[in-house]
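Here is the structure we will look at, set down as structure tokens.
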Amino acid sequence: MKKIFIIFILTQILFSCLSAEQIAENNRKRIAADDATCKGYGFKPGTDAYGTCRMNLDNQRAQRKAEAYRQLSNSLDQLNQSLTPQTTTCSSSGSIWGNNINSTTTCW
């Protein structure tokens, strides 16, 4: 879990270091790759099929990103739980009869 937390922090640092130009360049590359993929399937730009292909690629990317965030969130929740101190509460009851002590302790 510590590895995931470290990866999360490093990812945040790396993304915060990207300039607007780098982000724009990454977007241009993604758009060009999506265009090439859909053209590779034989779809012509401007057609419904091409638009559907591009939309499907965007949806797949969004689903992968959402799943990655869910996994990261679950990992951070698990890390938080492992770092949270656990509280144990006990209740005791008993009676004394002569020299014998009968008692019961229940913890939860």
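Along the sequence shown, residues are numbered consecutively beginning with 1.
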Under the salt bridge (Lys or Arg N to Asp or Glu O under 4.0 Å) rule, what do Asp58 and Arg54 come out as? Steps first, then yes or no, please. CA-CA 6 Å; Asp58 284 341; Arg54 293 291 300 268; 5.8 Å; no
Verify side chain to side chain contact (heavy atoms under 4.5 Å, CB included) between Thr47 and Lys44, making sure each step is shown before the conclusion. CA-CA 6 Å; Thr47 63; Lys44 305 276 187 237; 3.9 Å; yes
Arg30 and Asp34: side chain to side chain contact (heavy atoms under 4.5 Å, CB included), yes or no, with the steps? CA-CA 6 Å; Arg30 179 187 47 81; Asp34 288 356; 4.0 Å; yes
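Taking CG of Asn56 as the reference point, atom OH of Tyr41 lies at 9.5 Å (rounded to 0.5 Å). We find the CD-NZ distance between Gln60 and Lys65 to be 14.5 Å, quoted to the nearest 0.5 Å. Atom OG1 of residue Thr52 and atom CG of residue Leu57 lie 11.0 Å apart, to the nearest 0.5 angstrom. How far CD1 of Ile31 is from CG of Asn26: 11.0 Å, rounded to the nearest 0.5 Å.
A donor-acceptor contact closer than 3.5 angstrom links the side chains of Gln71 and Glu67.
Between Arg28 and Glu21, the shortest heavy-atom contact is NH2-O, 4.3 Å. Here the closest heavy-atom approach between residue Tyr50 and residue Phe43 is recorded as CA-CB, 3.7 Å.
Pairs of residues two or more places apart, or lying in two chains, that qualify as disulfide (SG to SG under 2.5 Å) and include a residue from residues 39-85 are Cys38-Cys53.
Residue Asp48 places its CG atom among 12 or fewer non-hydrogen atoms of other residues, nucleotides or ligands, all under 6.0 Å distant.
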